[in-house]
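Beneath this line is the structure, given in structure tokens, with notes to follow.
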Number of protein chains: 2
Amino acid sequence: MADTPGASEPSLDEQIAAYQREFQDLDPQVEKVVSALSRLNRRMNVAYGRQTAELGISNAEWEVLKALVLAGAPYRMGPGDLAKRLGLTPAAMTHRIDRMVAEGLVTRERDESNRVRVIVGITEEGRSKWLEAMRMATVFEEDLLQDLSGEERGRLGEMLTRLLRRVEDAQPDAGGRLSDLD
Amino acid sequence: MADTPGASEPSLDEQIAAYQREFQDLDPQVEKVVSALSRLNRRMNVAYGRQTAELGISNAEWEVLKALVLAGAPYRMGPGDLAKRLGLTPAAMTHRIDRMVAEGLVTRERDESNRVRVIVGITEEGRSKWLEAMRMATVFEEDLLQDLSGEERGRLGEMLTRLLRRVEDAQPDAGGRLSDLD
DNA sequence: CCTGAAGACTTCAACAGTAAAGTTCGAAGC
DNA sequence: GCTTCGAACTTTACTGTTGAAGTCTTCAGG
């Protein structure tokens, strides 16, 4: 028993070998793409989580800030729209906004012209945390792609968007429960 | 207001334009790769979730079955090892195993040679659900990559593993809290 | 006006996860 | 061979999410 130091993650190639052992008609080339995608995403989320934690916010809170900023001026959205955008239920959005208001990241006010509506806006502090998170994220992302030439980056982006188009066509319910955003 | 049918997801290009509007020094090529990766992964998880739901299990349960099968004969692991492999806490593993035992997907027994240890094994039903899920997953994955030639698939896999290597080197704590597995 | 229906958010109960404390068994030292 | 330490799992208290029920506002008819 010299090669089971812990039950940590096997290497990608080991794992693909295990799949082939247990399930014969598997295309290793396909599996490699899919598994690498999945692992990569996982690692990236860990990295983002560490960065946002340094700012004293969670990834969940970062997502709300992102949605508000990307919505453009005047940087306001209703809880319902935010919920759709982030892929969570209105109930979860209510609670998340509660916390973020308490932390001073966003504001919540009633829409006076339509008093059933609520408007969530970003505070100065929220905006500056978003900005700081963006700075860290772009440094990380640039580092991540460092081994790829400009041409390779282009090809990679193009291939990924082709795949994305394919799933989106097959699964056009963008408003559904899609979990976190990019 | 003809172009805001809901607050659903903007297209990838719209989103990148929004990023550039709000954050000048952003490399759109990098952002495209990163955002496409993230979205693609999200969509894939939705697809897997639907498939496992058809089998009457959750993605979480599927992951446990995967880990057991990929471990190889005799398809048994301790809760602690499973927890490390899936990236969750031992406490969460205890609960998850509780549920899966109740549903007849796995077994839990004490290790008689070391009575502090517990051994989780897969049942016939668990194995057959895993197999069925694998069949559905490979059909989906093959379809996903359909627009890519064999050569493109190879290049894509190679580039992704290169990125993966880079994050793993920078973030070598594979045993940490990494969330779900592939 | 007043009523009824629909929309937007919130509240409530149940569930899955984490962190930390607790339990039980095995092993090493005195 | 008792005691103490450490390892492996479970329990407990708390957090965040979901689905369903509840509240409040608006609007369209009668």
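In the text below, chain A, chain B and the rest are named by the order of the sequence lines, each starting its count at 1. Values below: every heavy atom of this structure, side chains too, minus hydrogens, waters and symmetry copies.
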A/Leu88 has its side chain closest, among D/dT18, D/dA7, C/dG17, to D/dT18
Heavy-atom nearest nucleotide on DNA chain D taken for A/Ser113 and for A/Ala92; more 5' hit belongs to A/Ala92
Considering only heavy side-chain atoms of A/Val118, the closest of C/dT18, C/dC9, D/dC9 is C/dC9
Atom CZ of B/Arg115 and atom P of D/dA8 are separated, to the nearest Å, by 16 Å
Taking any heavy-atom pair under 4.0 Å as a contact, classify A/Arg108: base, sugar-phosphate, or nothing. sugar-phosphate
Rounded to whole Å, the CZ-C1' distance (A/Arg117 to D/dT23) equals 17 Å
Of the listed D/dG19, D/dT12, D/dA7, the closest approach to the A/Ala91 side chain comes from D/dG19
Discussion item. Checking A/Gln15 against A/Arg39: is there a side-chain donor and acceptor pair closer than 3.5 Å?
Written reply: yes
Please table the atom pairs, donor to acceptor, closer than 3.5 Å between any side-chain atom in residues 21-32 of chain B and protein atoms at least two apart or in another chain.
{"residue": "B/Arg21", "atom": "NH2", "partner": "A/Leu70", "partner atom": "O", "Å": "3.3"}
{"residue": "B/Glu22", "atom": "OE1", "partner": "A/Tyr75", "partner atom": "OH", "Å": "2.9"}
{"residue": "B/Glu22", "atom": "OE1", "partner": "A/Arg127", "partner atom": "NH2", "Å": "2.9"}
{"residue": "B/Glu22", "atom": "OE2", "partner": "A/Tyr75", "partner atom": "OH", "Å": "3.0"}
{"residue": "B/Gln24", "atom": "NE2", "partner": "B/Arg21", "partner atom": "O", "Å": "3.1"}
{"residue": "B/Asp27", "atom": "OD1", "partner": "B/Gln29", "partner atom": "N", "Å": "2.8"}
{"residue": "B/Asp27", "atom": "OD1", "partner": "B/Val30", "partner atom": "N", "Å": "3.4"}
{"residue": "B/Gln29", "atom": "NE2", "partner": "A/Gly150", "partner atom": "O", "Å": "3.4"}
{"residue": "B/Glu31", "atom": "OE2", "partner": "B/Ser35", "partner atom": "OG", "Å": "3.1"}
{"residue": "B/Lys32", "atom": "NZ", "partner": "B/Asp13", "partner atom": "OD1", "Å": "3.4"}

message: Looking at B/Arg50 and B/Glu54, is any side-chain nitrogen of the basic one under 4.0 Å from a carboxylate oxygen of the acidic one?
response: no
Taken to the nearest whole Å, CD/B/Glu109 to C1'/D/dA8 is 16 Å
What residues 94-107 of chain B contributes to the DNA chain C interface at heavy-atom separation below 4.0 Å is B/Arg96, B/Arg99
Carboxylate-amine/guanidinium proximity below 4.0 Å for A/Glu109 and A/Arg76: yes
Smallest heavy-atom separation, B/Arg85 atom then B/Met77 atom, equals CB-CE, 4.4 Å
Student check: side-chain heavy atoms of A/Ser58 and A/Glu63 closer than 4.5 Å: no
A/Asn114 CG to C/dA8 C1', in whole Å, measures 9 Å
A/Asn59 atom CG is separated from D/dT15 atom C1', nearest whole Å, by 16 Å
Rounded to whole Å, CD1 of A/Ile119 lies from C1' of D/dT25 at a distance of 15 Å
Shortest non-hydrogen pair, A/Asn41 vs B/Leu37, comes out as OD1-O, 3.7 Å
Atom CG of A/Asp111 and atom P of D/dT26 are separated, to the nearest Å, by 9 Å
By nearest-nucleotide position on DNA chain D, the 5'-leaning member of B/Met93 and A/Met93 is B/Met93
